[in-house]
Each structure stands twice: as structure tokens, then as C-alpha cells.
Peer 1: 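I have a structure here, written as C-alpha cells, and I will follow up with some questions on it.
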Amino acid sequence: MIHSQTPSPCLVLSLFILVCSSALAITNRNETEIDRHALLCVKSLLSDPDHALSSWTNTSLYFCNWHGVRCSVQSAHRATGLDLSSKGLTGSIAPCIGNLTSLRSLILSNNSFHDSIPPELGLLTELSYLNLSMNSLSGVIPSELSSCTQLQVLGLWNNSLQGEIPPSLSQCKNIQEINLSNNKLQGSIPAAFGMNLKLEILILAGNSLSGDIPPSLGGSSLIHVDLGSNSLTGGIPEYLVNGSIQVLRLKSNRLTGNLPEALFNSSSLTTISLQGNFLIGDWAFLSSLSNCTELKTLMLDSNNLHGNFPASIGNLPNSLERLWLKDSQISGPIPSEIGNLKNLTEFLMGYNILSGIIPPTVAHLHNMVVLGIAHNKLSGQIPDTIGRLSHLNTLYLEENNLSGSIPVSIGHCRQLQILNLSHNSLVGSIPSDLLQISSLSIYLDLSYNYLSGQIPEEVGNLININTLRMSNNQLSSNIPSTLGQCVLLEFLEIQGNYLEGNIPQTFINLVGLHEMDLSRNNLSGAIPGFLASFSNLHILNLSFNNFEGVVPMGGIFSNGRAVSLQGNGRMCASTVPASGLPLCTEWVHMKRKNYFIPKIVLPICFFGVVVTLSCFLIILKRKKEQPSVLELKEYDQGMKRITFQDIKTGTNEFSSDNLIGSGSFGTVYKCCLELEDNIVAIKIFNLDKFGANESFIAECETLRNIKHRNLVDVKTLCSSLDLTGKEFKALVFKYMPNGNLDMWLHQEVHESARRMNLSLGQRISIALDVAFALDYLHNQCACPLIHCDLKPSNVLLDFDMTACVGDFGLARFLSTTANESHTCSESLSFLRGSFGYIPPEYATNVKISTKGDVYSFGVLLLEMITGTRPTDEMLNISGTTLHEYVNNKFPSNTHEILDPVLQDETSKAAEVMENCIIPLVRVGLSCSLTSPKSRWEMGKVCTQMLVIKDAFSSIHSSSSISIH
């Protein structure tokens, strides 16, 4: 008989534990294998030039020791963290990364990942930290990320992500920080973000978001909001400035309305950045900000705020460190109470209408690092107390009416890196103490003043200086040899002075020079041959000096368009003639021939010719020439009289070889006048054309009332009779050797005058010059002036590519009683200007206004960017304007409509596109709007253009992009 035996409970329990352990071990092994294979799969799509993933091998089973992989103590068989930031990796993010289901942290930032973000990331339900920033990721943000319910931080900034922000992201109830800045996102800000009660940081800056700011954001626990550099509209929601918010950045949008009252009462705010909008109000509100006791940064530049600078500025909280109020239409004097802000480190007030003196109380700002009061109407002397600002790094005082000498005490600012005192009325010598500040490393600009004396030997102490400008002063004596000690110098401009002597031999040390302009001085001797060995030198202007001898060969001298040598009568070229100089063989032959001419015969013949010519001219003058219709005494008494015969001789009897161009009312010739001892441009009016005589009178009237470096310089006029007794009228201008802007933009039309292409830097500089000219005409003349015919052919280019606006035949002064809208007192009887550049309101007989010039400038700027004329056949066929054509591509597809030259230049520089091209297009579009009231004023245009130029210069200083 067989007896059954029941197994003991202990045995059963042991067997159960054994089975569970085996199953768990199998599960762990399976999960471990899944993670290991997923990591190897991620590696398979990557290029790893720095071998950061060398430990990730198929033979290594324990992946927790692999570089960048982290495993938790509790589950050592699972990957819980992956950090591959800044490893130089290139490739796509593999979808198999979604198999790492235990990941809590994923950091792939600062690499070169491209393609889209895999939606499989939504499988990582344990993920709390995701950072894919600073890559080249494209496509949309996958809505599947909303499945990562534990997500606390989402960082996708600095990529190329497109599309809208998925509203489903609000389902991540634990989210605390969202940073999607500097992408290409469009659409509106999801209102549901305001429902996330844990959301503290929201950064969406640098996209193309539109619509209003959702009021619901004010109901969240946000402490940091940055929505800057988008296209947001509407007002600032009152509730957005809640009791907990610390940082509010809304700059460079299209926000309108008043500043919210809550802004003045927030005791938690540390940063307010609202610049570049259309906010309205009076500057008296500054006194209300005294309640913001924690405020450190206040930036309100470029809005529609107005009024005098209130004395209540001194009541701002002592915590304030940065105060930016540039381009804010602030008028009146700078209150002395500014000295109360003892902790101020940055004070930027440029491009306003400030008047009066710089208050001596600025000396109380002992922590000041950056002081910018440029482009105002300040007068008086620079206070000697400026030397007490021992921490000063940057000082901008250019474009004011400052007088007196440069204070010696400025030499006490031993940390100064940037100093710009240009375009003032400073006199006296350059203090040697100033040139002993060895920290001056970025630039020193003293140009366009009345400084005299010699350049001090102490200039050699500026061993770190990058840019040195002392041009257009009254400096004399020799160039100090110590200047050759400034071995880091890249840009040297000392033209337009009275310097003499040779180019110092010590300049052989300046091998890093990019540009050097010594023109319009009295320098002499031979041009040093070592300049040909400067590989970085791409612009050299030595024109109008007394240099002699043979032009060096090789290097920059092989490029005739990069070297200017005009006005040096005793120079010759050994091979191909340079800048119009004769070949040396011809020059020597001419000298020898002259040497053998009999010393007696020549004077006798010369005397006979002179007597004969004099008699002939006297008879001819009495017979033909009548008193000028327009007496020169109405103009500058110093102008020289010229006759028809002078012009006929100087143009070689109006030879077609000297023809520069033609316009509506006449032609322009290159002419050599003995009276001017120089080449000039002669504009001869065709008086047979209706309106030509009125154009001549209008241009004379205009040019005698204006004077600016970016306007054509009229030398004299001629109003007489020609040899047939017919009335003859002409204007004499400074000759502009680089022609006009139209020749450079549309070379296919000007085959006979083919030149180099314009670089982006040159276009920015030219556009800025034109903006300065219009700002002067509209806002700085005693009687505002409207040009009425701004177009590329009327923008002339000097030796150094400085742009000057010309052709004032249609210009009209505004009535002295004109209102603030700058409207002309006379209505239009016909369209003024050139087709394509005429503002649309002129077609309805609207009165001329400065906004008409602004429209023309906007079209001109868009033409410079696209290379497309506003009258292009492509636009006519499609029935669109140049503004509409550009606006349809802006901003996401701007690269598609760029001038091919700029496309080549910017193909490897995304930073240039973002910080230069896009802002340039924005300025062009803002100026060429259909509604005159919506267009920018030229003061604001100048401000934005300077910001763009500064951004380009900054990029240029750290890359190989050419600014010229």
C-alpha cells in the first residue's frame, strides 16, 4: 500500500521563492538587454569624432559604466540618466531611445543633432528632465511629449523647430520650466499654460509667435517670463504682473497700450525689459517705480513714450543697476538727481533729444561700467569729474554738440575699453594721459572734431587697440613711429588731417591691419613695400597726399579696387596702371622729353600762347557772357566762379568718355577744373525739358541750407550762356569715384561699369548712411526738408564707400508752421519721385510728408537686401509690390528672397541671418507700410540700424565675415 505524503509548507514556500527569483532575474536580464541594445542603437546613428562613446561597445555588458550613462542604486540594471552634452556628436536622435523607459534625465545639449525630435520620447513616462538645446533639430515639437507626465524641465532652445507649440504640453502637470527660445515656432502662446500651477519659468523668446499674450498666464505661479523677439500684439495683461513675478521680458514685439498699473507696485520685480514695442505714456511714470524695491534692470528703449526727463529719476530704487532708455523721445536736460542712483552700472540714453550739459553729478555713479549718451543735443564741456568713474568700461558721447577740450582726467578711467567722442566740436590737443590707458582694446574714436596739434607719442601704449579713428580733425606733424607698437590694430583711420612726413617704418609690425585710411593729408615719400605682405589688408586708401615713386607690387596692390591712390601726382605704376596712375615707362619718358625742351624756346612759346588766349577769352567773354541769372552772393561768398568755357574744357568738350550718368532733367559729367585743382562732378541741366529750370533753382535753394557728411557736397554753380548764346546752368559737386548704389546692385544693367559685389557689411553701412541723411533732413535742419526722390541711383558712393544722398531737384522744405506730422504746406499737383519708390498716398493727392521719404527708404532697403527692383517684371506679372513679396516670406523663409550675393555670404552664418538679415528686413517692412502713420520715424530707423551694425561688428570680430 502506497501512502501519499503532503509536502511541507516550508518546501512549498521555498519553491515559490525560487520560481519568483528566477522570473525576476529573467525580467531583469531582459530589461538590461533592452537598455543595452537601445543605447547601442542610439550610438549607431551618431558620428563621434571626439570618441566620447568609445566605451559603448557590444562586448561591454555592464552599460552603467559607459560614459554619460547613469544607473540608480535601487535598480542597477536600468539606465535612469543619459548625459551627452557638449560631446561634439553629429547625427539623428534614434527612435529606439524610447526603449529606455526608466530614464528620468536626458541631456543631449550643445551638439549637432539634426532632423526631428522622435515622438517615441513620449514613451519615457518617468522622464523629469529633458534638455535637447543648442542643436540643429528641425520639424515640430511632438505632441507625444505630453505623455511624460513626470516632466519638470523641458529645454529645447537654440534649434530650428517649427510649427506651433503643442497645447497638450499643459497636460504635464508637474512642469516647472519650459524653454523653447530661439527656434522658428509660430502661432499663438497656448492659453492652457496658465493652468499649470507649478509652472515658474516660461521662456519663448526669439521665435515668430503672434497674437495676444494670454491673460491666463497671470493666474499661474510664474516668476520668470521671457516672450521677447516675437510678433506678439495687444497690450500687457494686467494680471501678468502678479505678486510673485521677478523677471518680465517682452522686448521686440508689437505690443501697444499703456504700461500696466501693477508694474509700478510689484515689490518682487527685479527685471523689466519692454524695449522695442509701441507702448505709450509719459515719462512721469518713472516716479511710480520707487515701489519696486528689488528692481535691478529697467529697459524701455524704442517705445512711444514721451516727455522731459523727470527729476524723479533720482527716486528710483537704490537697487537699480541697469537703466536703458535709448531712442525714447526723451527731451530736456539730464537731471542732476541721476547721481542718486549709486549702484547704477549701465546708463544708456542715446538717440534722444536731450539738451543742456552733462551734469557733474555723474561722478557720484562710482559703479558705472557703461555710459552711453550718444546722438543727443548735449552741449558744454565733458565734465572733468568723469575721471572719477574708475570702473568705466565703455563711454559713448558721439554725435552731440560737446565743446571744449578732452578732459585730462579721463586718463584715470583705467578700465576703459571703448571710447567714442566723434562728431562733436571738441578742440585742443589729444591728452597724452588718454593714450596711456592700456585697457583701451576695442576702439577709440575721436574723429570729426576740431582737435589740433600732433598725435602724441604715447599712442604706442595702446598695444591692445583694435580700432583707432582720429580722422577729420586738424592734427598735424608726423605720424608717430610709436603707433607701430599697436600690433593688434586692425582698423586705422586718420584721414582728413594735416599730417606730413613718411609712413613710419615701424608700421611693418602692423601685420593684422584690415583697413588703413591715410587719405587727404600731406604725407610724402615712397609707399612702403611691406604693405604688400599684409595678408589681412583689404582696404588701403592713400589718396590725395604727396606720395611719390613706384607703386609696390603684389598683395593688396594687385587689386586695384582695394587701393586708392588718386591725387598723388608723382607716382607711377610699374605694370598695369593703378587707380589711373601712368605707367612708369611713360612717366620717365615724359620727364626726359621735358628736360630736353630748350629752356628759352619754351618760356617764349608759353608766353605767346598765354597772351593770345587771354585776348581771345576777353573778347569772347564780353561778347557772349551775361551776368549770372542766379548770383553767387546768394550762396557762400567763398565759392569760386566758373564759366561755361571752364566746364567745356574740363569735360573735354562734353566727351562721352566723361559721361557719368543722366537723369530726368540733365546729365552728369566727370570734369577736371583748374580752379578746383581736382576732379569734380558737373550736373548740367537740360533747360529744354519742362521743370528743369525749377529743378535747378530748387536744388540750389536746398543745397545752400543743408550740410551733412551723408549729403552731396556742392562746390559751386554756373548760371550763364553757352557759346551759342543759349542759357546754361550747372551745379558742381564733389566727385564720387564709386558711382551710385544702383550700379552696384544691378550690374547687369551697367555692364560698362562692372564692380565688385556689395558685401552685407557694406550694405548695412550704406543703409545707415542714408538713414542718417534722412534723419538730418527731417529732424535736424532748421526747416525740415523732404527729398521726394530717394532711390539707388541718387545714393552716391565716395572713395571709402561712404554713401551720400544727392539730386534735390524735387525736394521741398516744410512750412515753418508745420505740425508734428511733418506735412508739407503745398499739395501735390503731380506725383513726386520715381515709380516704385513713390508712397501710395501720393497717388490720392495727399500732401507731401516726411513719411513719404520713409516709404522710399523702406523700398530702397528691401531692394538692397533682395537685389530686386520694385519695378521688376516678376512683381508686375504677379501683381504684388516689393513690400508684399518680402513680407510673404518673412521671417521663416527670408533666405529664399535674399540677393544671391548675400545667400552665398550667409550660408554658413545662421547668427548673421538671425541678428542682421531678419532685423534689416523688419526695418524695411516697417518703413514701407501702406499707412503713413504706421511707418517708423527716421530717428527710430537710425537707432535700429545702429543696433544691427553693432551686432554685425560683434559677429565679425569673432568670425571671418567681412564687414566691408
Side-chain angles (χ1 to χ4, degrees), residues 471-472 495-496 517-521 539-546 560-569 571 577-582 636 638-644 646-663 666-685 699-700 703 706-718 729-744 750 752-756 766 769-770 773 792-809:
S471 60
N472 296 286
Q495 71 272 19
D517 193 341
L518 308 181
S519 63
R520 293 181 287 116
N521 279 290
I539 291 182
L540 177 62
N541 192 347
L542 304 176
S543 58
F544 300 103
N545 279 287
N546 298 313
R561 289 173 293 187
V563 181
S564 296
L565 299 172
Q566 297 94 330
N568 290 284
M571 293 195 67
S579 300
L581 298 177
D636 187 347
M639 283 186 172
K640 302 171 183 176
R641 291 177 179 271
I642 62 169
T643 65
F644 170 82
D646 294 330
I647 295 174
K648 180 182 179 183
T649 303
T651 58
N652 194 17
E653 298 189 352
F654 308 106
S655 168
S656 59
D657 293 337
N658 290 318
L659 181 64
I660 298 175
S662 59
T667 53
V668 181
Y669 287 89
K670 183 169 68 172
C671 178
C672 184
L673 289 179
E674 291 185 8
L675 288 174
E676 293 293 332
D677 193 27
N678 201 347
I679 296 176
V680 296
I682 304 284
K683 182 177 181 179
I684 301 173
F685 288 78
E699 195 152 3
C700 291
L703 293 171
I706 59 176
K707 189 72 173 178
H708 190 272
R709 67 182 295 267
N710 296 123
L711 298 175
V712 290
D713 182 18
V714 63
K715 292 179 174 293
T716 186
L717 56 77
C718 176
K729 293 184 178 180
L731 290 174
V732 182
F733 298 98
K734 175 184 176 182
Y735 176 61
M736 306 295 273
N738 278 315
N740 62 56
L741 181 59
D742 193 78
M743 294 178 177
W744 289 76
H750 305 279
S752 61
R754 182 166 294 278
R755 294 175 169 86
M756 292 191 301
I766 291 170
D769 287 341
V770 176
S793 60
N794 287 339
V795 177
L796 308 178
L797 302 172
D798 205 346
F799 290 111
D800 56 358
M801 297 299 286
T802 297
C804 294
V805 176
D807 197 343
F808 288 84

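Any value given below was found using the heavy atoms of this structure, including those in side chains, with hydrogens, waters and symmetry copies removed. Just so you know, these numbers come straight off a predicted model, no measurement behind them.
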Peer 1: Would you indicate whether the side-chain heavy atoms of V668 and F733 approach each other to under 4.5 Å?
Peer 2: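 No - every pair of side-chain heavy atoms lies 4.5 Å or more apart.
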Peer 1: Taking C-beta and beyond as the side chain, do D517 and S471 meet within less than 4.5 Å on heavy atoms?
Peer 2: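 They are not in side-chain contact.
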Peer 1: Let me confirm one number: the CG-CZ distance from N472 to R709, rounded to the nearest 0.5 Å.
Peer 2: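 Taking CG in N472 and CZ in R709, the distance rounds to 7.5 Å.
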Peer 1: Where the side chain of N794 meets the backbone of P792, is there a donor-acceptor pair that is under 3.5 Å apart?
Peer 2: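 Answer holds: no.
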Peer 1: Considering only heavy atoms from C-beta outward, does the side chain of V770 approach that of V805 to under 4.5 Å?
Peer 2: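 Side chain of V770 against side chain of V805, heavy atoms only: contact under 4.5 Å found.
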Peer 1: Give the minimum heavy-atom separation between T651 and K670, together with the two atoms involved.
Peer 2: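 Nearest heavy atoms, T651 then K670: CG2-O, 3.8 Å.
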Peer 1: With a 4.5 Å heavy-atom cut-off, do P737 and D798 have their side chains touching?
Peer 2: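 SC-SC contact between P737 and D798 confirmed.
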Peer 1: State, to 0.1 Å, how close L542 and N545 come at their nearest heavy-atom pair, and which atoms those are.
Peer 2: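 Result for this residue pair: O-ND2, 3.2 Å.
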Peer 1: Do I647 and Y669 make a side-chain contact, defined as non-hydrogen atoms from C-beta onward lying under 4.5 Å apart?
Peer 2: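 No, too far: nothing below the 4.5 Å cut-off.
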Peer 1: Out of the candidates D807, T667, V732, only one should pair with K683 under the side-chain contact (heavy atoms from CB on, under 4.5 Å) rule; please name it.
Peer 2: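 The single option meeting the side-chain contact (heavy atoms from CB on, under 4.5 Å) with K683 is D807.
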Peer 1: In Å, rounded to the nearest 0.5 Å, how long is the span from CD1 of I684 to NZ of K648?
Peer 2: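 Spacing of CD1 (I684) from NZ (K648) equals 12.0 Å.
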Peer 1: Can you find a pair of side-chain heavy atoms, one from N740 and one from L796, that are under 4.5 Å apart?
Peer 2: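 Side chain of N740 against side chain of L796, heavy atoms only: contact under 4.5 Å found.
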Peer 1: Heavy atoms only: give me the nearest C718-F644 pair and the separation to one decimal.
Peer 2: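 For C718 and F644, the tightest heavy-atom pair comes out as SG-N, 3.9 Å.
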Peer 1: For residues Q495 and N541, determine if any side-chain heavy atom of one lies less than 4.5 Å from a side-chain heavy atom of the other.
Peer 2: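 The answer is no, as the side chains (C-beta and beyond) never meet within the 4.5 Å cut-off.
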Peer 1: Measure the shortest side-chain to side-chain distance between Q566 and Y735 over non-hydrogen atoms and say whether it is less than 4.5 angstrom.
Peer 2: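 A side-chain contact is absent here, since even the closest heavy-atom pair is not under 4.5 Å.
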Peer 1: Looking only at heavy atoms, what is the nearest atom pair of V712 and C804, with distance?
Peer 2: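 Closest pair (atom of V712, atom of C804, distance): N-CB, 3.9 Å.
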Peer 1: What distance separates S564 OG from L540 CG, expressed to the nearest 0.5 Å?
Peer 2: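 Interatomic distance, S564 OG to L540 CG, rounded to 0.5 Å: 8.0 Å.
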Peer 1: So, for I682 and C671, which heavy atoms are closest and what is the spacing to 0.1 Å?
Peer 2: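 Nearest heavy atoms, I682 then C671: CG1-CB, 3.3 Å.
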Peer 1: First locate atom OG1 of T802, then atom CG of D769, and finally report the distance between them rounded to the nearest 0.5 Å.
Peer 2: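 The OG1 atom of T802 sits 5.5 Å away from the CG atom of D769.
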Peer 1: Considering non-hydrogen atoms only, spot the tightest contact between T643 and D646 and give its length.
Peer 2: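 Smallest heavy-atom distance, with atoms named: N-OD2, 2.9 Å.
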